**Q** 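Sharing a structure here in structure tokens format.
Keep in mind it's a predicted model, so treat the numbers as computed, not measured. Keep in mind that the numbers below use all heavy atoms, side chains included, and drop hydrogens, waters and symmetry copies.
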Amino acid sequence: MAEAQNLLLYNTLTRRKEEFVPLDAQSVRMYVCGPTVYDYAHIGNARPVVVFDVLFRLLRRLYGEKHVTYVRNITDVDDKINARAAEEGVSIRELTERTARQFHEDIKALGVLPPTIEPRATEHIEEMKALIEALIANGHAYVAEGHVLFDVPSMPDYGKLSNRSLDEMAAGARVEVAPYKKDPMDFVLWKPSKKGEPSWASPAGISEPGRPGWHIECSAMAGKHLGDVFDIHGGGIDLVFPHHENEIAQSRCAHDTKVMARYWLHNGFLQVEGEKMSKSLGNFITIHDLLKDWSGDVVRFNMLRTHYRQPIDWTKKGLEESKATLERWGEISDRVGGALSKNAAPDVGVIDALKDDLNTPLAITRLHEMAKECRSNGDSAADTWLASAAFMGFDVARWRSPVQTADLVEVTDPDLALRVKSLVAQRADARKAKNFKEADRIREELATSGVVLKDAKDPQTGEIVTTWELAR
């Protein structure tokens with residue numbers, strides 16, 4: 001292990017910040033709900049992906065890469081998928097494969113590491129059916145008109161995660177009213193498939209083929225890859241009820257455990273320019289479209305400027321501020337000749353900030369402080385600064401400008417700058433003497449070193465003035 005842990009995380013289940021103590025420090029396990037692959041992921045979808053990528057990086061730092069398992073699923077069977085495939089006139093498989101590929105390309109641009117395991121719902125149907133059979137056997141589920149439903153009143157402490165009573169949840173929830181339900185809050189574990197929809201042989205002796213409900217998918221995938229009880233379950237705050245509440249109910253009642261995951265983490269809502277994001281308001285932003293105008297680093301930085309549990313207002317002004325910060329950091333990196341060293345370790349202050357419930361704003365503040373130190377002290381502080389930024393998922397190799405001005409080269413490589421100025425002066429003399437062959441030879445010689453010359457007429461004197469820059 002790299003260093004003392006003392007990792008504090010806010011647990012939605014207990015509503016307090018707690019020290020994280022894994023069940024097994026040699027096998028730290030985390031599950032995060034992934035995308036439903038029917039369309040481009042929007043910026044709200046990006047928030048949990050980026051937030052839990054930071055946590056994944058931190059856990060690997062604290063416990064070792066080989067000792068952390070991160071599962072982020074893909075939902076590839078869903079009503080929205082069926083509807084979109086029918087709308088486009090393509091197969092469900094074609095739609096889900098294409099959309100999953102788009103998702104991976106987009107989040108890679110945001111500096112997101114691949115999870116350890118990325119299970120697909122359609123590859124875990126047998127595990128879902130086994131869970132359903134166990135719930136029926138335990139008296140927590142029942143069959144009705146080709147459906148299997150979870151019997152919510154059979155679980156006395158249902159609602160503990162969202163901290164609401166059954167009456168409160170029923171009043172605030174959009175529950176499906178169906179005559180075959182014993183209780184309005186009962187939710188579907190398995191349902192009949194309509195014509196043209198994906199279908200599998202049904203559990204519980206149901207003769208007609210069907211397909212799983214949404215909630216059972218995550219319970220089955222988490223259970224298979226992480227065990228009946230694991231360390232961390234994450235997702236957006238919008239998933240607390242009903243999705244995560246129902247996951248807990250299914251998993252605990254099927255496995256007869258006191259908890260499903262010991263720590264539940266949820267990121268806050270995201271709005272756009274002060275309003276809820278929606279297609280009807282015309283402010284629906286996909287990651288794909290955002291990356292046409294902004295770099296992945298800018299998007300990631302803008303996301304991490306706000307603490308993950310707080311609501312975030314996504315604005316153009318915020319993106320511009322984030323871009324300006326990264327450009328200033330790029331200039332500093334240029335001046336100190338910054339290049340990421342394989343042996344450099346991230347700053348203790350950055351790590352400590354992240355260990356306090358992923359306090360990314362404080363970690364960014366520390367990066368600002370380190371950037372100032374680099375400006376003052378040069379190379380001596382650059383390694384740790386760049387290693388810290390890379391640890392937070394930024395692509396520091398792209399910070400450095402592909403072009404250095406003459407003034408910058410004088411700072412970063414004074415010997416080269418002196419040589420270039422001498423050759424530029426010799427070329428000017430050659431041009432005055434109308435020795436254009438020599439002038440061209442000097443230009444070519446400089447070009448081999450990456451030096452680009454620019455000749456322009458001085459509007460005051462009419463003389464040709466030559467400026468230069470170094471292209472890498």
Side-chain angles (χ1 to χ4, degrees), residues 12-13 31 33 36 73 75 77-79 121-122 124-193 199-224 226-230 233 235 238-261 264:
T12 307
L13 194 61
Y31 184 92
C33 293
T36 299
N73 76 291
T75 296
V77 52
D78 181 84
D79 290 339
T122 53
H124 295 74
I125 299 298
E126 293 307 313
E127 287 81 2
M128 298 175 203
K129 288 159 67 173
L131 269 179
I132 291 170
E133 296 280 6
L135 288 167
I136 293 172
N138 292 345
H140 292 288
Y142 58 93
V143 179
E145 296 186 20
H147 294 72
V148 183
L149 297 110
F150 185 87
D151 185 357
V152 170
S154 73
M155 183 181 183
D157 60 348
Y158 179 88
K160 188 176 179 181
L161 182 69
S162 52
N163 198 30
R164 291 185 286 180
S165 67
L166 277 177
D167 290 341
E168 289 174 321
M169 286 184 284
R174 290 178 295 176
V175 296
E176 180 187 0
V177 177
Y180 49 78
K181 284 187 176 184
K182 293 182 180 179
D183 186 278
M185 287 298 295
D186 293 351
F187 58 89
V188 171
L189 303 174
W190 190 269
K191 57 186 174 182
S193 291
S199 62
W200 293 267
S202 297
I206 298 171
S207 58
E208 295 299 318
R211 59 192 179 95
W214 174 34
H215 312 300
I216 197 69
E217 297 174 6
C218 284
S219 283
M221 289 183 279
K224 177 176 181 179
L226 299 177
D228 296 350
V229 178
F230 52 94
H233 196 311
D238 57 309
L239 296 181
V240 172
F241 180 82
H243 185 51
H244 288 170
E245 200 74 78
N246 291 350
E247 276 189 66
I248 290 172
Q250 295 162 161
S251 296
R252 283 184 54 197
C253 292
H255 303 306
D256 191 24
T257 58
K258 292 183 179 180
V259 294
M260 175 190 185
W264 288 79

**Q** Any side-chain heavy-atom pair from His124 and Glu217 closer than 4.5 angstrom?
**A**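 The answer is no, as the side chains (C-beta and beyond) never meet within the 4.5 Å cut-off.
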**Q** Only counting residues at least two apart or in another chain, list the ones meeting ring-ring contact (aromatic ring centres under 6.0 Å, His included) with Phe150.
**A**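 Only Phe187 meet the ring-ring contact (aromatic ring centres under 6.0 Å, His included) criterion with Phe150.
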**Q** Which residue pairs pass the salt bridge (Lys or Arg N to Asp or Glu O under 4.0 Å) test when at least one of the two sits in residues 205-214, sequence neighbours left out?
**A**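 Listed once each, the pairs are Asp79-Arg211, Glu197-Arg211.
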**Q** Mind checking what makes side-chain contact (heavy atoms from CB on, under 4.5 Å) contact with Ala130, not counting sequence neighbours?
**A**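 Result, side-chain contact (heavy atoms from CB on, under 4.5 Å) vs Ala130: none returned.
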**Q** Which atoms form the tightest heavy-atom contact between Ala121 and Thr75, and what is the distance?
**A**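 Heavy atoms only, the tightest pair is CB-CA, 4.4 Å.
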**Q** What residues, two or more places apart in sequence or in another chain, satisfy side chain to side chain donor-acceptor pair (under 3.5 Å) together with Thr36?
**A**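 Side chain to side chain donor-acceptor pair (under 3.5 Å) check on Thr36 returns nothing, list empty.
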**Q** Under the side-chain contact (heavy atoms from CB on, under 4.5 Å) rule, collect the residues that match up with Pro153, sequence neighbours excluded.
**A**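 Partners of Pro153 by the side-chain contact (heavy atoms from CB on, under 4.5 Å) criterion, ordered by chain and then number, come out as Asp151, Asp183, Asp186.
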**Q** Between Gln250 (side chain only) and Ile216 (backbone N and O only), is there a donor and an acceptor less than 3.5 Å apart?
**A**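 Here the side-chain-to-backbone pair exists.
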**Q** Using modelled atom types and a 3.5 Å cut-off, is there a donor and acceptor pairing between side-chain atoms of Ser219 and backbone atoms of Glu247?
**A**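 Flag set: sc Ser219 to bb Glu247 pair under 3.5 Å.
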**Q** Ala261 and Leu13: which non-hydrogen atoms are nearest, and at how many Å?
**A**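 Closest approach of Ala261 to Leu13: O-CD2, 4.3 Å.
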**Q** Do Thr122 and Trp200 have side chains that approach each other closer than 4.5 Å (heavy atoms only, starting at C-beta)?
**A**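 Contact flag for Thr122/Trp200 side chains = yes.
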**Q** Judged by atom type as modelled, is there a donor-acceptor pair below 3.5 Å linking the side chain of Tyr142 to the main-chain atoms of Lys182?
**A**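 Confirmed, Tyr142 side chain pairs with Lys182 backbone.
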**Q** Which residues pass the side-chain contact (heavy atoms from CB on, under 4.5 Å) test with Asn163, not counting sequence neighbours?
**A**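 Partners of Asn163 under the side-chain contact (heavy atoms from CB on, under 4.5 Å) test: Arg15.
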**Q** Any chance you could measure Ser199, atom OG, to Lys191, atom NZ, to the nearest 0.5 Å?
**A**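 Separation between the atoms: 13.0 Å.
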**Q** Holding to ring-ring contact (aromatic ring centres under 6.0 Å, His included), I want the full list of residues that pass it with Trp214, two or more places apart in sequence or in another chain.
**A**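 Expected list: His243.
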**Q** Tell me every residue that passes side-chain contact (heavy atoms from CB on, under 4.5 Å) with Ala141, counting only those two or more places apart in sequence or in another chain.
**A**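 Partners of Ala141 under the side-chain contact (heavy atoms from CB on, under 4.5 Å) test: Leu135, Ile136, Val148, Leu189.
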**Q** Once you round to the nearest 0.5 Å, how far does OH of Tyr158 lie from CD1 of Ile248?
**A**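 Interatomic distance, Tyr158 OH to Ile248 CD1, rounded to 0.5 Å: 9.5 Å.
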**Q** Indicate the atoms forming the closest heavy-atom contact of Ser202 with Trp190, along with that distance.
**A**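 So the two residues come closest at OG-NE1, 2.9 Å.
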**Q** Would you indicate whether the side-chain heavy atoms of Asn73 and Cys218 approach each other to under 4.5 Å?
**A**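 Yes, close enough: below the 4.5 Å cut-off.
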**Q** For Ala254 and Leu131, which heavy atoms make the closest approach, and how far apart are they?
**A**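 Closest pair (atom of Ala254, atom of Leu131, distance): CB-CD2, 3.4 Å.
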**Q** Would you please name every residue forming a ring-ring contact (aromatic ring centres under 6.0 Å, His included) with Trp264, sequence neighbours left out?
**A**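 ring-ring contact (aromatic ring centres under 6.0 Å, His included) check on Trp264 returns His233, His244.
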**Q** Taking salt bridge (charged side-chain N to carboxylate O under 4.0 Å, His left out) as the test, write out the residues that go with Asp157, two or more places apart.
**A**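 Result, salt bridge (charged side-chain N to carboxylate O under 4.0 Å, His left out) vs Asp157: Arg252.
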**Q** Who pairs with Glu126 by salt bridge (charged side-chain N to carboxylate O under 4.0 Å, His left out), at least two apart in sequence or on another chain?
**A**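 In terms of salt bridge (charged side-chain N to carboxylate O under 4.0 Å, His left out), with neighbours along the sequence ignored, Glu126 is linked to Lys129.
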**Q** Quick one: list whatever passes ring-ring contact (aromatic ring centres under 6.0 Å, His included) with His140, sequence neighbours left out.
**A**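 With sequence neighbours excluded, His140 shows a ring-ring contact (aromatic ring centres under 6.0 Å, His included) to no residue whatsoever.
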**Q** Start with the C-alpha distance between Asn138 and Asp256, add both sets of side-chain angles, then the distance that settles side-chain contact (heavy atoms from CB on, under 4.5 Å), and finish with yes or no.
**A** CA-CA 9 Å; Asn138 292 345; Asp256 191 24; 5.7 Å; no
**Q** Is there a donor-acceptor pair closer than 3.5 Å between any side-chain N or O of Glu245 and the backbone N or O of Leu161?
**A**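 Confirmed, Glu245 side chain pairs with Leu161 backbone.
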